[in-house]
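What follows is a set of notes on a single structure, which appears directly below.
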2 protein chains.
Amino acid sequence: MVKNNKQEIIVDAALEVFRDKGYANTRMADIARRAGVSYGLVYHYFESKEVLFDVIVEGWWDRLYQMLKDERQSDSAFQKKLENIIKFFLDMYAEKPNLLSIFITEVSRSSVYHTARGLAKFRTFFSLTEDVMAEGQKVGFLRRDIGPHYLTYIFLGAIEAFISVMVLGKEAVNRERKERTINGVIQVFLCGAKVESNPLPAL
Amino acid sequence: MVKNNKQEIIVDAALEVFRDKGYANTRMADIARRAGVSYGLVYHYFESKEVLFDVIVEGWWDRLYQMLKDERQSDSAFQKKLENIIKFFLDMYAEKPNLLSIFITEVSRSSVYHTARGLAKFRTFFSLTEDVMAEGQKVGFLRRDIGPHYLTYIFLGAIEAFISVMVLGKEAVNRERKERTINGVIQVFLCGAKVESNPLPAL
DNA sequence: CCAGACTGATTGATATGTCAATCTATTTTT
DNA sequence: AAAAATAGATTGACATATCAATCAGTCTGG
């Protein structure tokens, strides 16, 4: 199956340009030029700039949801699930850096994406993660004195911070860095950052 | 003597419009209308839309840096410093929700802000926080087997996640929620999310 | 021969930044 | 104290540029 399908070429070009210049500063002419096709052909396949962008983002959400659903119903050890979630982001960044970059810079918190539909996507994302956290509490692995959505925020926030640093610095992930990142997030999220002997006074 | 000059009125109006519509979708005409001044007056005080935006963002960075420098040199207990950093974000959100919203949606990760100068601002932000973390390790409060910038990412990532949820949901912070959020972040960041009896197998 | 792939010039809407003119307040001159 | 001069605030129409989207037409494989 040869991949000289112009439609795919246009999507790939759009991924690059959207990452380089951001949605607002991307010209349809830029995408056509980078794809090596005429201006009009982009509109032949995608009715508007917004639709083209949505096609890309929708693909991201699909993968993310699928991964979270898989982890939710899998019967791996709980800690393994958390590791897999982190791994997903790091692997995806290695494999499709443009896609992750767009998610971080144009979707994750950008006002551009704050429609009702955009918000719903986020709620699903958080809700699926919260299911996993709630399960961790249920099986007695995670502490119950902190609400599952709090755990979700902290866990996802930490992951996003790492990915953001990579995206903004256009850094690469090798095997060793991936291990160290997963280990760091897991260690701190599960065991905490303070030395164990150190007691925590009440707030 | 009420300080009611038009310049401030324009900045306040810009804060509102930038938050509501995002930088890209904000028209200078919108700002003028919301401020109740003529279109031209905005340009009388601010030479361009970008300059107006920068004035706002610069003010944010100034406050943030000041707070971090204060905490770095203060001699409070280490945990208190972390609490104060979280508190800063929550108080600022309560006091200037528009400013925090713009930071999250238009600055924090938005490609709009990814100039060399923008990146430098972030490096300073992270670096100041890292100083605090390194001190926590030095005084023996934080574990040393995880690099200080890792601790920084996780800590700031968690805070940003909480603020983002408030911003996107336009939620309010009352005293009780503030306490609970600080407690949640501190508890998990310092002591971890797993139940204490649960041993952590090696990765 | 025709359906769908493909082209790129053209259009039309939109928004930035300019500018000449007017108004208002303060200071200077007579 | 009135008049004149000056500086700065304020106005909104407009010139200009920028793009998204359209469209009339050409090419090509089956």
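Chain identifiers are assigned alphabetically (A, B, ...) following the order of the sequence lines, protein sequences preceding nucleic acid strands; residue numbering begins at 1 within each chain. Owing to the predicted nature of the structure, the values given are computational and were not obtained by experimental measurement.
Phosphate proximity of dA9(D) to H44(B): present, with a side-chain N or O under 4.0 Å from OP1 or OP2. Between K6(A) and dC6(C) there is a side-chain N or O to OP1 or OP2 distance below 4.0 Å.
For the pair N5(B) CG and dA25(C) P, the interatomic distance rounds to 15 Å; values are reported in whole Å. Between L41(B) atom CG and dT24(C) atom P there is a gap of 14 Å when expressed in whole angstrom units. In this structure, I10(B) atom CD1 and dT10(D) atom P are separated by 8 Å, rounded to whole Å. The distance between atom CD of E8(A) and atom C1' of dA5(C), rounded to the nearest whole Å, is 16 Å. Going from atom CZ of R33(A) over to atom P of dG8(C) covers 12 Å, rounded to whole Å.
Using the six-membered ring where Trp is involved, F155(A) and F189(A) have ring planes that are tilted, between 30° and 60° apart. Using a 30° and 60° split on the angle between ring planes, F103(A) and F122(A) fall in the parallel class, below 30°.
Within 6.0 Å of NZ in K96(B) there are 12 or fewer heavy atoms belonging to other residues, nucleotides or ligands. Atom CD of E58(A) sits in a crowded spot, with more than 12 heavy atoms from other residues, nucleotides or ligands closer than 6.0 Å.
At least one cation-pi condition fails for K49(A) and F18(A): the charged atom is not both under 6.0 angstrom from the six-membered ring centre and inside a 45 degree cone around its axis.
The residue Y45(A) sits close only to the backbone: its heavy atoms come under 4.0 Å of sugar-phosphate atoms, none of a base.
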Any chance you could list the contact pattern along nucleotides 16-26 of chain D? Use B for base contacts, S for sugar-phosphate-only contacts and - for none, protein heavy atoms under 4.0 Å, 5' to 3'. ---SBBB----
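Y93(B) contributes no side-chain N or O that, together with a main-chain N or O of V173(B), makes up a donor-acceptor pair within less than 3.5 Å.
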